Amino acid sequence: MSMKRFFSPNIDRKGRVVRGVIAVGLFIGAWFAFGVSSLLGVVLGAWAVFTLIEALRGWCIVRACGIKTRL
């Protein structure tokens, strides 16, 4: 499989909205996590950024790896 095909959009509008909501939840979690652990806050923040990029791009890494998801 070529890299171009691997990174091509593979989710629809519903999947993008779900990933956007998850990203917002992760950002909120990161905000509160910084009070407990800086490392946890950074990890959740990075995960939120990656999930937001997936939502904006219309691409899901899990689907790109060949795993079928419900959405």
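Predicted, not measured: the structure shown is a model, and the values here were computed from it.
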Exercise for the section: Following the transitive rule for hydrophobic clusters with a side-chain heavy-atom cut-off under 4.5 Å over Ile, Leu, Val, Met, Phe, Trp and Tyr, establish whether Leu52 and Val49 coincide in one cluster. Expected result: yes
Check: residues 54-61 side-chain donor-acceptor pairs under 3.5 Å, at least two apart:
unit_1	atom_1	unit_2	atom_2	d
Glu54	OE2	Ile61	N	2.9
Arg57	NH2	Phe7	O	3.2
Trp59	NE1	Phe6	O	2.8

Handout entry: Non-hydrogen atoms of Ala48 and Leu26 that approach each other most closely
Key = CB-CB, 3.5 Å
Handout entry: Gap between atom NZ of Lys14 and atom CZ of Arg70 - 0.5 Å precision
Key = 10.5 Å
Handout entry: Value rounded to 0.5 Å, distance of CZ in Arg19 from CD1 in Ile53
Key = 14.0 Å
Problem - Same apolar cluster (I L V M F W Y, side chains within < 4.5 Å links), Met3/Val62 - result: yes
Handout entry: Heavy-atom check, side chain of Phe34 versus side chain of Leu40, under 4.5 Å
Key = no
Handout entry: Phe32, CZ atom: more than 12 neighbouring heavy atoms under 6.0 Å
Key = no
Handout entry: Spacing of CD1 belonging to Ile28 relative to CG belonging to Leu44, to within rounding of 0.5 Å
Key = 12.0 Å
Handout entry: Separation between CH2 of Trp47 and CD1 of Ile22, rounded to the nearest 0.5 Å
Key = 8.5 Å
